[in-house]
Amino acid sequence: MPKSIVRRGLFAFALLLGALSVGPAWADTDETTAGGNPAAIGMQPLRGAIPAATPYPGESKLTRREDGTFGAVAQSSGRTRIFHLVERDAPWTLQPGLTVMAKTYNGVVPGPTLVVHQGDRVVIDYRNEQSTPDTLHLHGIHEIPVSMDGVAGISQPPVMQGQSYRYIFTADTPGTFLYHSHDDEEMVNSGLYGAIVVLPAHVSASQRSDRDDVEVLSSWAIQSLSENHFTINGKEYPYTAPIEVRKGQRVRLRWINISGESMHTMHTHGHYQRIVARDAQPVTYQDIEDTVFLGPGQRVDVIIEANQLPGTWLVHCHVIDHTEDGSGMPDGLVTAIHYQGTPYTGAAMNTAMRAMLPSFGRTKGGLSFGMTVLLGAIAGLTIFLGLPVARMRNVSPSVMAALNALAIGILVYLVVEIAGSATAPLAQAARFWHGGGAPVGVISLAAAYVGGLFAGLVGLGFVANKLSSRAASSIDQPLVLAAVIAIGIGAHNFAEGLAIGASAASGATAIAIGLIVGFALHNATEGFGIAAPLSGRVIPSWPQLGLAGLVAGGPTFLGTVVGYTFQSPVLSVLFLATAIGALVFVIGEIWAVLRRNLGITPLVTSMLACGFLIALTTELVLDLSG
């Protein structure tokens, strides 16, 4: 095998690896954290058989509360209430299909709710049975000596694995408090928190309630370095516990935000929330809201009167990212006020909203089929704007080198961009499967990805060799090179057309127009990428340029038709991966020509950078268009 072919193959393979390594960074950073490997960062979903959690000997027994939390059964001696909390690892299910090995108190998240009365002497026997040294902070409990504050190095030494520490305080102030790990954010967001409720010795008429619920809002970093899952009392919608009421009742909600970073705005549909306390201090003024703001560590007590028409009334955080999953479906901080005696319909929202996703046909407000196809054709045909460069005459070797380097820069950017677009749906499907979902999606997308790469690298390479054997004898075969570039760009443009058609069909007219404008500019630069290898070496005929334009730009039109008619992530990934393979093959060929005939000079490398920046600039038009 000639050494030149080996060198080209190695160069193409290295470029492909580089593009694929960059690709995941273009996915949703909210979930992948800027290209990090989801399987190696954050908490990991448990797979296979879930291990059973075994209570530690001597820890407080638990009882299930109406609000979905677990209450700890106190050991009583006069006015003394003793709770035995054990910090230990235990599996915790946020929703079916998503179970993690959480760090817990007594095996539950949130930790057991500790309910005492004003004036009680409270003793918390804390034992650490997990490997990380830790302490327990009594958040909001101020009538204590510093030795009870739970800050390692300041108020006490860290509690090592197998060691215990006793926290003691007198519950002088009624209200809502919490306890939590005073280690880093990762520990707290892994489940180490719980509520303390101090009931008043005398309840005022304004604070009287028929039901008293604790609502702990928390965040999790699952396969991520940032908070990307949100729970109410340890559960994600639709598995959150509803707030059960009867007509005319008064309900006290004790909102607690223990998220490490996130602020929450809890909104009640159809009901006002009368704020009676903030951070355990009574509110002496009238404060009635339907959306209550809570920063990290804050507690807000509210009274809700069940004075609406009976039914199911939604309650949710109004930071929408905290109430949706990656596909925009309801998730996270969502629950409901449910009037007993009526059907509970809270869980039905997911099914109903799935039917409201953009349909496969044109929706109201979308572009018509004819207009979409016309604009898609215009976007594809702009590739002809760059093709006349190929008919330049009397081009010097240095200009030829610059033009080829410019083309490489454009094509390298396309490889990076396309790799990101092709990898994102595959990575999302893999995360879904890793979290307990069906593997069908990731298998089909992976097959399309691998098949497309082989079609691009191997298949188009085979086509190029066939064309070379039939072409006139020439050391570089520029016409063959231009033809392969056109085929690779055509596969890419088919995927662009899919995006245009799908956006228009879903009614996202502004996005569709933005894509059309951006792709039109992008295709003009791609036309230059086809023409550059021909400049000064072969003067193509106008019919030849027309054919190249149709091969490269026509698929934008075809993709628009297909994308408007139906949506297929598998088809999109297939064509994007084919484009990756084809363009990597082409870049290797052009690079080999540059090295052999013209050399790698500062002019060449500078023009390569310019080509990359030109392509990047056209991409920014897409971003600015939304």
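Every heavy atom of this structure was used, including side-chain atoms; hydrogens, water molecules and symmetry mates were not.
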Exercise. Under the side chain to side chain contact (heavy atoms under 4.5 Å, CB included) criterion, do Trp220 and Val100 qualify, and how do the steps go?
Worked result: CA-CA 10 Å; Trp220 306 72; Val100 297; 4.0 Å; yes
Seminar exercise, completed: In terms of heavy-atom contacts, Ser190 and Ala102 come closest through O-CB, 3.3 Å
Exercise. Are the side chain of Gln118 and the backbone of Ala201 linked by a donor-acceptor contact shorter than 3.5 Å?
Worked result: yes
Exercise. Step by step, would you call Glu87 with Arg127 a salt bridge (charged side-chain N to carboxylate O under 4.0 Å, His left out)?
Worked result: CA-CA 6 Å; Glu87 181 174 329; Arg127 182 178 180 86; over 6 Å; no
Exercise. Can you tell me if CZ on Arg246 sees more than 12 non-hydrogen neighbours from other groups inside 6.0 Å?
Worked result: no
Exercise. Just wondering, more than 12 heavy atoms not from Tyr344 lying within 6.0 Å of its OH?
Worked result: yes
Seminar exercise, completed: In terms of heavy-atom contacts, Ala90 and Gly107 come closest through CB-CA, 3.9 Å
Exercise. Is the count of non-hydrogen atoms from other residues, nucleotides or ligands lying under 6.0 Å from Glu143 atom CD greater than 12?
Worked result: yes
Exercise. If you measure from the Lys or Arg side-chain nitrogens to the Asp or Glu carboxylate oxygens, is any gap between Glu289 and Arg278 under 4.0 Å?
Worked result: yes
Exercise. In this structure, are over 12 heavy atoms from other groups packed under 6.0 Å from Lys247 atom NZ?
Worked result: yes
For this session: Inspect the contact between Arg250 and Asp210 and indicate whether a charged nitrogen and a carboxylate oxygen are less than 4.0 angstrom apart.
Result: no
Seminar exercise, completed: In terms of heavy-atom contacts, Leu62 and Pro112 come closest through CD2-CG, 3.5 Å
Problem set entry | Leu85 vs Asp125, side chain to side chain contact (heavy atoms under 4.5 Å, CB included): CA-CA, chis, key distance, verdict | CA-CA 6 Å; Leu85 296 184; Asp125 275 332; over 6 Å; no
Problem set entry | Full working for side chain to side chain donor-acceptor pair (under 3.5 Å) between Ser219 and Asn189 | CA-CA 6 Å; Ser219 304; Asn189 279 354; 5.2 Å; no
For this session: Start with the C-alpha gap between Ser259 and Glu227, add the side-chain angles, then the distance that decides, and say whether side chain to side chain donor-acceptor pair (under 3.5 Å) holds.
Result: CA-CA 8 Å; Ser259 293; Glu227 296 175 344; 4.8 Å; no
Exercise. Short question: side chain of Gln308, backbone of Gly270 - any donor-acceptor pair under 3.5 Å?
Worked result: yes
Exercise. Would you find a donor on one side and an acceptor on the other, under 3.5 Å apart, between the side chain of Thr312 and the backbone of Thr345?
Worked result: yes
Problem set entry | Residue pair Thr132 / Asp134, side-chain donor-acceptor N/O under 3.5 Å | no
Problem set entry | Aromatic plane relationship, His139 with His180 - under 30° parallel, 30 to 60° tilted, over 60° perpendicular | tilted
Exercise. Counting distance only, does the side-chain N/O of Glu59 pair as donor-acceptor with the main-chain N or O of Tyr56 below 3.5 Å?
Worked result: yes
Problem set entry | Ring centroid separation His316 to His269 under 6.0 Å | yes
For this session: Determine, stepwise, if the pair Thr231 / Glu236 fulfils side chain to side chain donor-acceptor pair (under 3.5 Å).
Result: CA-CA 5 Å; Thr231 56; Glu236 292 185 293; over 6 Å; no
Problem set entry | Side-chain touch Trp255/Gln298, heavy atoms, less than 4.5 angstrom | no
For this session: For Val188 and Ile258, run side chain to side chain contact (heavy atoms under 4.5 Å, CB included): C-alpha distance rounded to whole Å, both residues' side-chain angles, the deciding distance at 0.1 Å, then the answer.
Result: CA-CA 8 Å; Val188 176; Ile258 192 57; 4.1 Å; yes
Exercise. Is the closest basic N to carboxylate O distance between Arg274 and Asp287 below 4.0 Å?
Worked result: no
Problem set entry | Note, Leu253 side chain near Ile243 side chain (heavy atom, < 4.5 Å) | yes
Exercise. Is a side-chain donor or acceptor of Glu305 paired with a backbone partner of Asn307 at a separation under 3.5 angstrom?
Worked result: no
For this session: Drop me the distance from Asp67's CG to Arg254's CZ, to the nearest 0.5 angstrom.
Result: 10.5 Å
Seminar exercise, completed: Note: Leu294 and Asn257 closest approach over all heavy atoms is O-ND2, 3.0 Å
For this session: Answer yes or no: is there a side-chain heavy-atom contact under 4.5 Å between Thr113 and Val216?
Result: no
For this session: Tell me whether the guanidinium CZ or amine NZ of Lys235 lies under 6.0 angstrom from the six-membered ring centre of Trp92 and within 45° of its axis.
Result: yes
Exercise. Is Tyr167 reaching over with its side chain to a backbone N or O of Leu136, donor-acceptor style, under 3.5 angstrom?
Worked result: yes
For this session: For Tyr105 and Arg88, run side chain to side chain contact (heavy atoms under 4.5 Å, CB included): C-alpha distance rounded to whole Å, both residues' side-chain angles, the deciding distance at 0.1 Å, then the answer.
Result: CA-CA 6 Å; Tyr105 298 115; Arg88 58 184 175 88; over 6 Å; no
Exercise. Can you find a pair of side-chain heavy atoms, one from Gln273 and one from Ile288, that are under 4.5 Å apart?
Worked result: no
For this session: Spell out, as yes or no, whether a donor-acceptor pair under 3.5 Å connects the side chain of Thr335 to the backbone of Ala241.
Result: yes
Seminar exercise, completed: Correct closest heavy-atom pair for Met43 and Met101 would be CE-O, 3.5 Å
Exercise. Quick one: does Ser76's side chain get under 4.5 Å of Ile82's, heavy atoms only?
Worked result: no
Exercise. Taking C-beta and beyond as the side chain, do Asn106 and Ser60 meet within less than 4.5 Å on heavy atoms?
Worked result: yes
For this session: For the pair His338 (side chain) and Trp313 (backbone), establish whether a donor and an acceptor sit closer than 3.5 Å, ignoring hydrogens and angles.
Result: no
For this session: Decide salt bridge (charged side-chain N to carboxylate O under 4.0 Å, His left out) for Asp301 and Arg299; before the verdict, give the C-alpha distance in whole Å, the side-chain angles of both, and the deciding distance to 0.1 Å.
Result: CA-CA 7 Å; Asp301 290 24; Arg299 296 96 64 208; over 6 Å; no
For this session: Go through the side-chain N and O atoms of Arg252 and Gln207 and say whether any donor and acceptor fall under 3.5 Å apart.
Result: yes
Exercise. Does any non-hydrogen side-chain atom of Val292 lie less than 4.5 Å from one of Val302?
Worked result: yes
Exercise. Ignoring hydrogens and geometry, is there a side-chain-to-backbone donor-acceptor pair from Thr240 to Val334 under 3.5 Å?
Worked result: yes
For this session: Check whether any side-chain heavy atom of Val115 lies under 4.5 Å from a side-chain heavy atom of Asp212, and answer yes or no.
Result: no
Exercise. Stepwise, does the side chain to side chain donor-acceptor pair (under 3.5 Å) test hold for Asp172 with Thr170?
Worked result: CA-CA 6 Å; Asp172 291 328; Thr170 299; 5.1 Å; no
For this session: Indicate whether the side chain of His137 and that of Ser181 have a donor and an acceptor atom separated by less than 3.5 Å.
Result: no
Problem set entry | Between Thr265 and His318: side-chain donor-acceptor atoms closer than 3.5 Å | no
For this session: Using the ring pair (Phe, Tyr, Trp, His ring centres under 6.0 Å) rule, take Tyr179 and Tyr126 through it: C-alpha gap first, then chi angles, then the decisive distance, then the call.
Result: CA-CA 11 Å; Tyr179 60 90; Tyr126 162 74; 9.4 Å; no
For this session: For residues Leu138 and Ile124, report the shortest heavy-atom separation together with the two atoms involved.
Result: CD2-CD1, 3.9 Å
Exercise. Taking Glu215 for the side chain and Ile232 for the main chain, is one N or O donor matched with an acceptor at less than 3.5 Å?
Worked result: no
